[in-house]
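Below is one structure, written out as structure tokens; the observations come after it.
Atoms considered below: every heavy atom in the structure, side chains included; atoms not considered: hydrogens, waters and symmetry mates. Note that the structure is a prediction, hence the values are computed from the model and not measured.
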Amino acid sequence: MSGFAAAETGAFTRRRVTIVLGTLTLLNLIGSGVLLWAIHRPGGLGTMMDFGAFWGAAVLALEGRGIEAYDIATLTAVQSEALGVPYGREMAWRYPPFLQVALMPLGALPLLPAQAVWTLFTAALYAAALLALAGRALGPGLTLAAGFAPATVTMLAVNGQTGFLTAALTALALVPLVHGRQGPVGQIATGVALGCLALKPPIGLALPVVLLVARRWVALASAALTVLGLVLVATLAFGTDVWAAFAEGLVGAASDSRASEVLDIQASVRATLLTVGSGDAVALGVQAVVSLVGLGLLVAATLGRLAPGFGAGGAALAALVSYATIAISPRVMDYDLLILVVGALAQLVRLTHRPAANWEHPVLGLAVLIPVADLASGMPLNWLLAPCLCASLVIAERQAQSGSASGASSANLSPGPGLPGGVSPPN
């Protein structure tokens, strides 16, 4: 949406879109405040959400009992003691030990202030990463309004999960790709951010494929060294036995992923099929097909065989990586969907270099609107997002290649004065 012309003509002008997205952002802030007040006010619901597990793990780590965080009874006892009442939401600690090391400073704070610090810090990191990715091309107002418009933001503000952090790391990993900085420094930056995404392995599956096909060996080596460094830090902090406890937690997570209350907050094709009553074999089979198609698109795009706009670098490829990250993962949660916003912003940056089809901006709006519809209706809709966005991007790039984007509106595409392109021209 920064391909909006200076003339500001057409339906999707910068001003109109910024107003709509800014309004949704404001509603998210209000909704988050109301929900947090309802939960934590005297006499309120009194239930801590997911962050209680994060805080409990941090407390145990500070006490030198980090390995015990993987025991749900011990973790729940810590949470209950902090609240002064039995903890009403059991949630096991399933993240890698190195995230627990990073959380340790929060264990020195009371539970509620710790959640506030965590949410504000990760949201600020997310905002900074989006500005680094797209702010120069789209402008800070539009970039931040788009980033905080999805209903996912309210979910994260209330439950304190990792969605802001994983989206921020994804954006930071893609900044060099978007801006054509594929030298050693850019590759190291990509690799370090990708390595940090090991905190949630199912979210880091797409980008390594692109780096491998593009022969970005420095980036891959940087990612591997980052993971090894994180493993070493966690091992020094908790000992080698913590990895056995973590492995047991992963087995438990695989079992829990079929529980109805967990399926309800997942956004993968597999989880949706299980929700509507399909068998495991059907759900896994369809997910495998979707994942293979997504990986095939990534390989073809990286090699430049889908359209010239992809190639081995650029904003279009970064957008496809973000969309495929969600599409190919068999376990993706609703709060991970901000990664799609990263992709949408990268695609909008791409529109500063090519015409948009007349349906392209509305499809990008799905990244904001479908999570709202999913939350309001209770229907599993979020799984539609990633496949639709992947298909939309590929079709648009192929239309641009053939020059047959008959619905393109040049008034909505030109960077215009004061809107320098944020990426190198497609190679």
Side-chain angles (χ1 to χ4, degrees), residues 2 125-126 128-138 143 146-147 166-197 203-224 226 294-295 297-328 338-354 364 386 389-390 393-394 396-397 400 420-427:
S2 162
L125 182 63
Y126 169 66
L130 294 186
L131 290 172
L133 181 87
R136 183 168 175 259
L138 306 184
T143 299
T166 54
L169 290 171
T170 301
L172 291 173
L174 293 174
V175 165
L177 192 64
V178 169
H179 295 282
R181 300 167 187 161
Q182 295 299 294
V185 174
Q187 288 193 52
I188 290 172
T190 291
V192 170
L194 176 60
C196 290
L197 273 173
I203 298 300
L205 300 177
L207 183 54
V209 173
V210 170
L211 297 176
L212 183 63
V213 173
R215 300 180 181 181
R216 303 296 191 229
W217 308 124
V218 173
L220 289 169
S222 299
T226 299
L295 290 171
L297 288 175
L298 283 174
V299 172
T302 306
L303 294 173
R305 294 176 183 172
L306 282 181
F310 290 108
L317 184 58
L320 188 62
V321 168
S322 297
Y323 301 155
T325 290
I326 300 300
I328 70 176
L338 290 184
I339 291 173
L340 296 178
V341 176
V342 173
L345 288 172
Q347 187 170 346
L348 294 175
V349 172
R350 167 67 176 143
L351 296 187
T352 64
H353 291 290
R354 71 156 170 82
L364 287 175
L389 289 167
C390 279
L393 176 62
V394 171
E397 289 293 333
V423 298
S424 302
N427 47 23

Exercise. Can you name the residues that form a side chain to side chain contact (heavy atoms under 4.5 Å, CB included) with Gln187, not counting sequence neighbours?
Worked result: Arg216, Val218, Ala219
Exercise. If only atom types and distance count, is the side chain of Ser322 paired as donor or acceptor with the main-chain N or O of Ala318 below 3.5 Å?
Worked result: yes
Exercise. Checking His353 side chain against Gly309 main chain: does a donor-acceptor pair fall under 3.5 Å?
Worked result: no
If every non-hydrogen atom of [X] is compared with every non-hydrogen atom of [Y], which pair is closest and at what distance?
X      : Y      : value
Tyr323 : Cys390 : CB-SG, 3.4 Å
Val341 : Gly147 : CG1-CA, 3.8 Å
Pro176 : Gly186 : CG-O, 3.4 Å
Ala319 : Gln347 : CB-N, 3.8 Å
Ala301 : Leu306 : CB-CD1, 3.8 Å
Ala167 : Leu338 : CB-CB, 3.8 Å

What distance separates [X] [atom1] from [Y] [atom2], expressed to the nearest 0.5 Å?
X      : Y      : atom1 : atom2 : answer
Gln182 : Thr190 : CD    : OG1   : 6.5 Å
Thr325 : Ile339 : OG1   : CD1   : 6.0 Å
Leu298 : Phe310 : CG    : CZ    : 9.5 Å
Leu133 : Leu174 : CG    : CG    : 7.0 Å
Leu393 : Leu297 : CG    : CG    : 9.5 Å
Leu194 : Leu172 : CG    : CG    : 12.0 Å

For this session: Carefully, step by step, assess Val299 and Arg305 under the rule side-chain contact (heavy atoms from CB on, under 4.5 Å).
Result: CA-CA 9 Å; Val299 172; Arg305 294 176 183 172; over 6 Å; no
Problem set entry | Leu131 vs Tyr126 side-chain heavy atoms within contact, under 4.5 Å | no
